[in-house]
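Sequential numbering from 1 along the given sequence is applied to the chain's residues. In each ligand, atom 1 is the first atom listed, and ligand 1 is the first ligand listed.
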Amino acid sequence: MLVLGIESSCDETGVAVVQVHGAQAPVLLAHALHSQIDMHQAYGGVVPELASRDHIRRVLPLTEKVLQDSGRGLDEVDVVAYTRGPGLAGALLVGAGVACALGAALRKPVLGVHHLEGHLLSPFLSADPPQFPFVALLVSGGHTQLMRVEGVGRYELLGETIDDAAGEAFDKSAKLMGLGYPGGPALSKLAQQGSATAFKLPRPLLRSGDLDFSFAGLKTAVLTQAKKLGDELEARKADLAASTEAAIVEVLVKKTLAALDATGLQRVVVAGGVGANRLLREQLDAECAKRRVRVHYPELHLCTDNGAMIAMAAAMRLQSGMQAATGVYAFDVKPRWPLAELSALI
Ligand code: KG4
Ligand code: ZN
């Protein structure tokens, strides 16, 4: 079975082809990505209407490319998968519209995929895939969640952010330091030249006793510190970046360890864009090694949004019998869609 996956929830158009052989692990044949970062950079963040228009321009050329790269024809596609939500409504509609049009034209079923499930299952595309069950730390631009994952579609929310996501904390802090958009990678790079202990920043909810996060106060503390520095900010930027990164990472690592304690599980999967962060990987690896806990990450280039994770999630859903692809081409999208709701589809 050949699954074509289309991702268009935010500022990246991604298309991929995954091959499924019975119950064997699905194999990624090809994937292609177009990032809109350059286009949105001038505005300091994603402009939804521009994002939708660009997805329209990119999605078919990318589809042609992945089919060519995989050596397959469009007529060989068995299922067309697309990101149904959460994300920007207009952007999602582009992927959903194209997927359903392709499905209808080919007379093949379509399957709407949850974007966060795509991130969550993206480590299964790596050479060393995890085994269920595990604790998942989902850290993307819009979400920060700890989940207990028993299997495909079996997700229990353990805790989440009550305000900003970790990615947002990176992005907003970077923005006020003039580091552009998206700020996470730039802030992390600059942090390598600074001191993580230069500024005392809060570790919100670190000792709250639950598995929730809060990053809005940290962002305000970074803003206050930046204002206090005034003209000195430029000279101390690397120190402020390092201190900010250390605060975010410490909270993410400690809460993940608390989730392991609470569940008794011995395996962690980190997924989402912030999962590419070097310090997070270093500290989580070190802490988990002490406890003999295995940590799995997606391959670096598959941490941020891509079509491969959507095709993979669709393939794994179909394999597990969790969800059937449908021949219904009247589509809708779900801009707001809690991941835990997926369990109701079982
Ligand atoms: O998962 P993703 O591509 O998009 C969403 O689904 O939201 O995540 C994007 C987020 C952005 O906030 C970006 O700044 C952050 O991931 N990010 C990083 C790094 N690479 C991406 N944050 C910190 N360090 C990085 N190396
Ligand atoms: Zn994402």
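- Here the protein heavy atom with the shortest distance to atom 22 (N) of ligand 1 is Gly184 CA, 3.5 Å.
- Looking at ligand 1, you won't find any N or O of Pro182 less than 3.5 Å from one of its N or O atoms.
- Between the side chains of Asp69 and His31, no donor-acceptor pair is found at a separation under 3.5 Å.
- More than 12 non-hydrogen atoms from other residues, nucleotides or ligands lie less than 6.0 angstrom from CD of Glu150.
- Side-chain contact annotation: Ser35 with Glu12, donor-acceptor N/O pair under 3.5 Å present.
- The nearest protein atom to atom 17 (N) of ligand 1, hydrogens excluded, is given as Gly273 O, 3.6 Å; this is a heavy-atom distance.
- Relative orientation of the Trp337 and His114 rings is tilted, given thresholds of 30° and 60° on the angle between their planes.
- Here ring pair (Phe, Tyr, Trp, His ring centres under 6.0 Å) pairs that include residues 225-277, with residues two or more places apart or in two chains, number zero.
- Annotation for Lys65: atom NZ does not count as buried by contact number, only 12 or fewer foreign heavy atoms lying within 6.0 Å.
- Those atoms of ligand 1 that come under 4.0 Å of a heavy atom in Gly142, given as number and element, are 7 (O).
- Leu300 belongs to no hydrophobic cluster with other residues, because no ILVMFWY side-chain heavy atom falls under 4.5 Å from its own, directly or through intermediates.
- Under 4.0 Å from ligand 1, not a single heavy atom of Arg278 appears.
- Remark: Gln193 pairs with no residue by the side chain to side chain donor-acceptor pair (under 3.5 Å) rule, at least two apart or across chains.
- Side-chain atoms of Thr13 and His34 form no donor-acceptor pair, as typed in the model, at a separation below 3.5 Å.
- In this structure, atom 9 (C) of ligand 1 lies nearest to the protein heavy atom Gly141 N, 3.7 Å.
- At least one heavy atom of Ala276 sits closer than 4.0 Å to an atom of ligand 1.
- Between Gly183 and ligand 1, a contact under 3.5 Å exists for no N or O pair.
- Close approach of ligand 1 to Gly167 (heavy-atom distance below 4.0 Å) involves ligand atoms 12 (O).
- Residue contact check: Asp171 has heavy atoms under 4.0 Å from atoms 11 (C), 12 (O), 13 (C), 14 (O) of ligand 1.
- Scanning all protein heavy atoms for the shortest distance to atom 24 (N) of ligand 1 gives Asn277 ND2, 3.0 Å.
- For ligand 1, the polar-atom distance check against Gly272 finds no nitrogen or oxygen pair separated by under 3.5 Å.
- Excluding waters, the protein N/O/S atoms found under 2.8 Å from the Zn ion (ligand 2) are His115 NE2, His119 NE2, Asp305 OD1.
- Using 4.0 Å as the threshold, His115 has a heavy atom nearer than that to some atom of ligand 1.
- Side-chain atoms of Thr244 and Lys172 include no donor-acceptor pair closer than 3.5 Å.
- Rounding to the nearest 0.5 Å gives a distance of 8.0 Å between CG of Asp305 and CD1 of Ile310.
- Close N/O approach between Thr304 and ligand 1 is not found [any backbone or side-chain N/O within under 3.5 Å].
- At a 3.5 angstrom cut-off on N or O pairs, Asp305 counts as close to ligand 1.
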Tyr329 and Phe331: CA distance, side-chain angles, deciding distance, ring-ring contact (aromatic ring centres under 6.0 Å, His included) verdict: CA-CA 6 Å; Tyr329 305 115; Phe331 57 90; 10.0 Å; no
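- Note that NE2 of His143 and NE2 of His115 are 8.5 Å apart. Values are rounded to the nearest 0.5 Å.
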